[in-house]
Amino acid sequence: GYGTYHQKEPFNTYFSLDHNEIGIEKVPIMVRWNDTKTDFALYTIPLSLEYNFITVADIPDQPFTGAEIEPEITIKDGEATLVKGTDYTVEYSDNTNTGTATAIITGKGNYSGEVEKTFTIVDKVTESGALTITENQDGKAVAFDGNYTANTIAYSLENDIENVNVTFNRTFTNGVTSTIVLPFDIEAGGYSGGDFYEFTGVDAKKWEATMRKVTSVKAHTPYLFVPSGSTFTITQKVTLKANTQTSVSKTINGWTFIGVYQKKVWGANNTGKNDYCFSAKSSGSEINAGDFVRIGKNVTVKAFRCYLTQGNGTSKSAPVLPESIKVRLIDEVSSVITPDQPNDNSDGDIETPVSEILPGNNVKVWSSDKTIVIEASAGQRYQIIDLNGRTLKNSVTVSDREEVVLNRSAQGVLIVKIANKSFKILY
């Protein structure tokens with residue numbers, strides 16, 4: 001029943017076997033001689049790996065590791081599992097980088113033939129809070145969910161992750177100011193899609209928060225962000241900075257601007273009487289879009305956003321706080337002039353020292369090396385004040401080029417008033 005034979009002459013026996021109907025390693029062959037003598041022998045017949053009763057399982061996708069990937073392969077002869085090294089060997093190719101890799105399986109011992117199987121090496125993906133970290137031969141890339149709403153911390157890292165491409169997935173409205181905090185530095189020119197403004201303090205006389213434009217961004221620092229479109233793009237590789245805190249902050253004169261890495265909730269028993277969130281929409285007659293508004297009950301600030309708080313609000317000497325605080329955005333240039341002429345045709349803020357306010361204008365003001373330079377006719381009265389309205393200098397020009405040096409306490413943005421005009425400079 002194992003085959004057929006035809007006797008033509010002594011010792012010449014021919015037989016045939018149907019390999020597709022057997023799944024055994026040793027095939028017993030019966031040989032008869034002159035119908036008087038019966039001999040039995042076991043002959044080894046290698047079975048090809050290509051026969052349909054031998055199955056090679058598909059190899060699942062493999063994540064990138066940076067090293068050669070050699071996944072285990074399952075081969076069965078019926079119900080029996082073949083053993084690597086005994087029944088077959090494997091050689092791999094193109095098995096390091098993402099893409100299609102190949103495994104060449106070669107029969108050994110009781111098995112013959114060759115089978116080729118392919119598998120796919122895919123990006124290594126790790127998720128942590130709002131982060132999705134993707135790694136392949138081109139390096140690491142990180143995508144942030146800028147609208148992360150879970151109650152867990154959105155950004156937590158024990159160690160820095162260096163030299164990564166970053167995508168910040170958050171939709172903005174062109175021209176509508178938002179708050180933002182990021183866990184990485186960005187050098188000037190390394191991003192597009194809007195401008196960043198850092199917190200420089202609150203004027204308690206005017207209830208006005210001042211924000212000054214910056215060209216580079218620091219990790220774990222709260223900012224206002226004025227978008228120029230719907231997306232914010234980081235165009236350089238950055239280093240994600242380690243962080244295990246739920247919030248970061250910047251404090252100036254008792255006022256603290258706080259960026260959160262975990263959703264901040266003021267519930268029904270709100271205790272945030274001194275806290276202000278940023279309003280992107282107008283409400284009633286007192287609250288305008290772009291103001292900080294006192295936080296009430298059941299208010300939420302999502303991760304990667306910021307709020308403002310008055311740290312001394314519970315003391316006896318604390319001022320009575322307003323319902324809203326206006327925001328003043330200041331462009332930061334090495335020196336800036338702002339003409340107080342809203343109806344003129346000028347371009348607004350003009351960089352100095354080489355500029356004129358208007359064609360034919362006979363007054364120029366700029367700052368350089370801690371010196372304020374005023375070019376005007378002699379005898380012009382001028383005044384220099386800070387953003388709190390404090391007068392730092394009140395005098396008269398004695399020549400057509402006045403050079404003014406203030407005391408060491410004077411710094412930051414100052415206003416120079418002369419000839420019915422106001423000039424904003426950075427001192």
Side-chain angles (χ1 to χ4, degrees), residues 16-27 42-145 157-169 184 190 233-240 242:
S16 63
L17 294 172
D18 183 355
H19 285 185
N20 286 327
E21 294 181 0
I22 57 177
I24 52 180
E25 300 172 0
K26 302 280 187 177
V27 179
L42 288 175
Y43 293 87
T44 299
I45 302 177
L47 302 181
S48 174
L49 296 176
E50 297 179 358
Y51 291 154
N52 60 14
F53 55 81
I54 296 179
T55 58
V56 182
D58 290 337
I59 305 173
D61 292 349
Q62 303 292 310
F64 173 85
T65 65
E68 290 187 350
I69 297 174
E70 298 182 352
E72 294 295 325
I73 299 174
T74 301
I75 306 175
K76 287 194 173 184
D77 179 354
E79 296 298 323
T81 300
L82 273 59
V83 179
K84 182 179 179 181
T86 300
D87 300 319
Y88 66 93
T89 60
V90 185
E91 291 186 2
Y92 297 90
S93 61
D94 300 323
N95 60 324
T96 301
N97 295 335
T98 56
T100 301
T102 302
I104 303 296
I105 305 160
T106 303
K108 184 179 179 181
N110 295 322
Y111 296 89
S112 65
E114 186 176 276
V115 174
E116 178 179 303
K117 295 291 286 188
T118 61
F119 60 95
T120 302
I121 300 176
V122 298
D123 293 339
K124 178 183 177 181
V125 178
T126 305
E127 294 187 358
S128 174
L131 280 66
T132 300
I133 304 171
T134 303
E135 185 177 1
N136 57 33
Q137 63 273 11
D138 297 324
K140 291 182 179 179
V142 178
F144 282 82
D145 177 6
L157 282 181
E158 293 291 339
N159 302 294
D160 292 354
I161 301 179
E162 299 181 351
N163 199 36
V164 296
N165 292 308
V166 171
T167 301
F168 192 76
N169 296 318
F184 46 84
T233 304
I234 299 98
T235 57
Q236 63 184 208
K237 289 189 175 182
V238 302
T239 295
L240 301 184

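Every heavy atom of this structure was used, including side-chain atoms; hydrogens, water molecules and symmetry mates were not.
- Here the shortest heavy-atom pairing between V164 and I161 reads CG1-CG2, 3.6 Å.
- Between the CG atom in D145 and the CG atom in N169 there is a gap of 7.0 Å [rounded to 0.5 Å].
- From L47, atom CG reaches atom CG of N110 across 7.5 Å, with rounding to the nearest 0.5 Å.
- The closest donor-acceptor contact from the side chain of D160 to the backbone of E162 lies at 3.5 Å or more, if one exists at all.
- With hydrogens and angles ignored, the 3.5 Å screen pairs no side-chain donor or acceptor of Q236 with any backbone N or O of I234.
- Panel note: side chain T233, backbone T235; no donor-acceptor pair is recorded below 3.5 Å.
- Here the rule is side chain to side chain donor-acceptor pair (under 3.5 Å) with T98, and of Q62, K124, E135, Q137 only Q137 fits it.
- Atom OG of S93 sits about 7.5 Å away from atom CD of E116, to the nearest 0.5 Å.
- To the nearest 0.5 Å, the span separating CG on N95 from OG1 on T102 amounts to 9.0 Å.
- Within a 6.0 Å sphere centred on CG of D58, other residues, nucleotides and ligands contribute 12 heavy atoms or fewer.
- Nearest approach of D94 to I121, heavy atoms of both residues: O-CD1, 4.2 Å.
- Taking 4.5 Å as the limit, every side-chain heavy atom of V115 sits out of range of all side-chain heavy atoms of Y88.
- Summarising the geometry, atom CG belonging to L82 is positioned 9.0 Å from atom OG1 belonging to T55; distances are rounded to the nearest 0.5 Å.
- Taking both residues in full, the closest heavy atoms of T106 and L49 are given as C-CD1, 3.9 Å, listed atom of the first, atom of the second, then distance.
- Around the CD atom of E91, the shell of radius 6.0 Å holds no more than 12 heavy atoms that belong to other residues, nucleotides or ligands.
- Taking each heavy atom of G113 and S48 in turn, the nearest pair found is CA-OG, 4.4 Å.
- F184 is not listed as a side-chain neighbour of V142, based on a closest heavy-atom distance of 4.5 Å or more.
- Residues D87 and K108 have side chains not in contact (no heavy-atom distance under 4.5 Å, counting atoms from C-beta outward).
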Using a 3.5 Å cut-off and no angle test, enumerate the donor-acceptor pairs between side-chain atoms of residues 63-75 and protein atoms at least two apart in sequence or in another chain.
| residue | atom | partner | partner atom | Å |
| --- | --- | --- | --- | --- |
| T65 | OG1 | A67 | N | 3.1 |
| T65 | OG1 | A67 | O | 3.3 |

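- Proximity of I105 to K117: side-chain heavy atoms (C-beta onward) are separated by under 4.5 Å at one or more points.
- Using cut-offs of 30° and 60° on the angle between ring planes, the pair F119 and Y92 is perpendicular.
- At least one side-chain heavy atom of L240 sits less than 4.5 Å from a side-chain heavy atom of L131.
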